[in-house]
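Below, read A as the first sequence line, B as the second, and so on, with proteins coming before strands; counting in each chain starts at 1.
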Amino acid sequence: MSPVGTRPCSPLPLRDMPATRTLLIEAVRDALDAAGVEGTFEVVVERSARPEFGDWSTPAALGLARVLRRAPAAIAAELAAHLEASRVPRVRAWTVTPPGYVNAHLDDRTWGAAVLAAATDLETTGSVDLPKATAGKTLVEHTATNPNKAAHIGHLRNACIGDTVARVLRRTGHAVEVNNYIDDTGVQVADVVVGIRHLGIEPMPGEPFDQYCSRVYIAVSARYETDTELLERRRDVLREVEEGGNETAVFVKDLARRIVNAHLATMRRFDIAYDLLTWESDIIGLGFWRQAFELLRESGAIVLVENGKLAGCWVMPADTAEDDSDDDTKVLVKSDGIATYTAKDIAYQLWKFGLLGRDFNYVPWEGDPTLMSTSIPARPDAPPAHFGHAQRVINVIDARQAYPQRVVQRALRRLHHEREADNSIHLSYEVVALTPAAAAELGVEIEEGRDSVALSGRRGIEVRADDLLDRSIARLSANARDAATATAVAAGAVRYYLLKFSLNQIIAFDFDEALRVTGDTGVYLQYAHARAAGILRKVSDAGEHLAVPAALHPAERELLHSIEAYPRALTETAQALSPSLLTTYAFALASAFSDFYEHTPAIVREDDQAVRQFRRGLVAATRATLADALHTLGMAAPDQV
RNA sequence: GGCCCCGUAGCUCAGUGGAUAGAGCAGAGGUUUCCUAAACCUUGUGCGCAGGUUCGAUUCCUGCCGGGGCUACCA
């Protein structure tokens, strides 16, 4: 470390402190204007490919060469000269490298000070410099696990994605409402009812209710193969549930209620929560579907099929002139008069946008003051509700349901709700599958020629969410300072594992990978945070102005770059609705911090007060930024592990 | 058949219209009188194939090959 200037840097108000990249884009655009470049031209400014080129580079001259009919290097030189003359803040020098890149070299004192000031602002006020969020509420539906079995890691992937998307949107200034849809009138719940009533399977002593139902579900599914009489019983159950007001309906509702509580408990372990539970039976019971049906029928969006294999069904035909097949005809009301899942989903989607002209009644959920539930009976003492009426709806549902989701969107269009159809987002993600190793560990046969096996609650091919977390806790307990820390870190580790994959990538689940505690894992991020917090405990804040030394260690510069990139990472994650962008960012930040930690001298031993203060400030900025990223990912940011 | 997704290093995966495509794991070797070694360092001949668009393609387009999913009066 070289000695440090003590020139104080005056803190800038946040709104006058754009990201360096934004500043450079504007500067380059000005330079292009000055050079007489006409027309709209997207200015690209990105981190330089190699440190010796500079900090930021633009290939603008490359694209302009053809338009201007001049050599790229000559254009670049002209741009660089103009930029040099215009004295762009935070930039020390501009250079040109072949074949025509213009590179900005930052002035560490002004640039570094700006980055630290922004991060300090994040720490003290929690504010981040972000573009203004779109107006109106975003409704996120996620989890929606069928209430007939214990949640497995496929359901958990859904919940982690949905919860993180909701967090990211809130963090970027959006109003968000989270719904968890309970499909309590569907086939899967009926399966368990049939099993309990007709198979005589009893709970084992101490067996959790959701696991008991899983067992019944597997058993009854297997029995259907040989016992068609049971399928009749299932039809009976479904009919009685649809009609309501009978013993079966009460039985089902109670079963679903108990499973939902098990799911909520599981998800709570991962810090996943909801604003509202929406019950499919309430959509039926309160006439939502009847209302939606009338709207669809009157508009001609659905028709009654007179003959053929779909005779007696109400269907939504394919888009006109799309093709001549009936592949795209979706049955909404079966010939027995029962609405399909998709039909109820259409009614629900209309409600989400406030287009149905009806509302649920609401009650607090089983004594949880933070969670509400839809209800058929109104409660006079219920607090005023403000659910639905969203501007944008995000349904977190796996990729296999793309088709019914398209039907829901199409229904909105057929009802001339074009804007709402455009704002209906199926946030599709791929499923979780088991690697051969994981399958072997579970004693599951893997099909010849396959390199993975799909999860299936029905066949008992699954890793329960609770079990995975328990195993992760067990793995971490040996090195954690206490049980609470192990639990918090384990939940974060599992979340990170399920979030770090791109949404359209099938997760090839592997126990070793999911439970690993080194490398690109949630544990690594949390450990980095604890390290930063540890340094801050040992190096007190002298309360002096932060001044950036004239010469920084490369690891310090990289760390500053990583810290500065946070608002953009958040914004892009929110824009793309893709949590893996944020995990990738967080890992890069933690890596940059580890590099700094390992390759610069210990701060506790630093005698130069100014250097000491700066480096402490750098650690404080890192900690605040990493903590914010971790919390946005739904992970704990422990000060000690 | 139609529609959607995937194919990048031994394995699991990032990545992007720009300069020499990255990380983790696995394997080998190394680092601890120093703020937590759950860390760090060294070690890598890889974008399925073929065309096209472009100053520039792993990225965009088309075709093909391989894998998966959807195309139910299930969800």
Side-chain angles (χ1 to χ4, degrees), chain A residues 44 46 48-50 53 57-59 62-67 72 97-101 103 144 146 183 186-188 191 305 309-315 322-323 325 327-328 330-338 340-342 344-345 397-404 406 428-431 433 435 449-452 454 476 478-481 489 493 500-508 510 512-513 516-521 523-524 526-528 530-539 580-581 583-584 587-588 591 594-595 597-606 615-616 619 640-641:
Chain A
V44 173
E46 60 207 354
S48 304
R50 302 168 67 181
F53 293 150
S57 302
T58 177
L62 269 45
L64 249 42
R66 194 172 146 87
V67 186
T97 45
Y101 286 91
N103 314 297
N146 271 307
D183 177 15
V187 172
Q188 298 201 22
D191 286 334
V305 179
K309 64 172 183 172
L310 297 180
C313 299
W314 284 89
V315 304
E322 211 171 59
D323 58 354
S325 75
D327 277 6
D328 208 24
K330 183 68 189 168
V331 172
L332 296 183
V333 181
K334 299 186 275 185
S335 54
D336 62 5
I338 294 178
T340 61
Y341 178 91
T342 303
K344 300 163 197 172
D345 216 14
I397 305 175
D398 76 55
R400 295 172 304 186
Q401 295 193 48
Y403 171 59
R406 271 200 305 277
S428 170
Y429 65 94
E430 275 294 349
V431 296
T435 57
R450 286 222 166 214
D451 51 14
S452 71
L476 288 160
N479 292 321
R481 60 200 312 270
V489 174
K500 74 177 191 174
F501 297 86
S502 303
L503 294 179
N504 47 19
Q505 189 74 246
I506 294 173
I507 295 182
D510 182 80
D512 291 341
E513 271 295 309
R516 199 158 47 74
V517 300
T518 61
D520 183 8
T521 63
V523 178
Y524 178 92
Q526 291 170 313
Y527 182 72
R531 258 186 170 173
I535 293 172
L536 297 177
R537 275 195 303 276
K538 299 201 170 176
V539 184
S580 67
L581 295 182
T583 59
T584 301
F587 179 63
S591 297
S594 292
D595 194 36
Y597 178 88
E598 293 285 346
H599 300 111
T600 59
I603 302 171
V604 283
R605 305 180 135 210
E606 179 61 60
R615 304 192 68 229
R616 186 197 183 280
V619 174
Q640 298 181 60
V641 296

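- Under the rule for a ring pair (Phe, Tyr, Trp, His ring centres under 6.0 Å), A/Tyr429 has no partner lying at least two apart in sequence or in another chain.
- Looking at residues two or more places apart in sequence or on another chain, you find a side chain to side chain contact (heavy atoms under 4.5 Å, CB included) between A/Ala402 and A/Arg406, A/His426.
- Not one side-chain nitrogen or oxygen of A/Ser580 sits closer than 4.0 Å to the OP1 or OP2 atom of B/rA14.
- Nearest to the side-chain atoms of A/Arg400 among the listed nucleotides B/rC41, B/rA37, B/rG69 stands B/rG69.
- Here the side chain of A/Glu598 is nearest to one of B/rC40, B/rG68, B/rG15, namely B/rC40.
- Applying the salt bridge (Lys or Arg N to Asp or Glu O under 4.0 Å) test to A/Arg516 and every residue at least two apart in sequence or in another chain returns A/Glu513.
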Would you write the dot-bracket representation of RNA chain B, where each base gets (, ), [, ], | or . depending on whether it forms a Watson-Crick or G-U pair under 3.5 Å and with which partner? (((((((..((((....[...)))).(((((.......)))))....(((((..]....))))))))))))....
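- Out of B/rC40, B/rC55, B/rG69, the shortest distance to the side chain of A/Leu62 is found at B/rC55.
- A/Tyr524 does not qualify as a stacking partner of the B/rA38 base, lacking a centre-to-centre distance under 5.5 Å together with planes within 30°.
- Listed by chain and number, the residues in a side chain to side chain contact (heavy atoms under 4.5 Å, CB included) with A/Asp191 are A/Val187, A/Tyr217, A/Val220, A/Tyr224, A/Arg234, A/Arg458 (sequence neighbours excluded).
- Remark: A/Arg450 pairs with no residue by the salt bridge (Lys or Arg N to Asp or Glu O under 4.0 Å) rule, at least two apart or across chains.
- Scanning for side-chain hydrogen bond (donor to acceptor under 3.5 Å, both in side chains) contacts around A/Lys500 gives an empty result, with sequence neighbours left out.
- When the salt bridge (Lys or Arg N to Asp or Glu O under 4.0 Å) test is applied to A/Asp510, no partner is found at least two apart in sequence or on another chain.
- Qualifying salt bridge (Lys or Arg N to Asp or Glu O under 4.0 Å) partners for A/Glu598, counting only residues two or more places apart in sequence or in other chains: A/Arg531.
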Kindly give the atom pairs (protein nitrogen or oxygen, nucleotide nitrogen or oxygen) under 3.5 Å for nucleotides 6-9 of chain B.
{"residue": "B/rC6", "atom": "OP1", "partner": "A/Asn504", "partner atom": "ND2", "Å": "3.2"}

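- Listed by chain and residue number, A/Ala533, A/Asp639, A/Gln640 satisfy the side chain to side chain contact (heavy atoms under 4.5 Å, CB included) test with A/Arg537 (two or more places apart in sequence, or in another chain).
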Can you check nucleotides 21-26 of chain B for protein contacts, nitrogen or oxygen pairs under 3.5 Å, and list what you find?
{"residue": "B/rG24", "atom": "O2'", "partner": "A/Arg516", "partner atom": "NH1", "Å": "3.0"}
{"residue": "B/rG24", "atom": "O2'", "partner": "A/Arg516", "partner atom": "NH2", "Å": "3.0"}

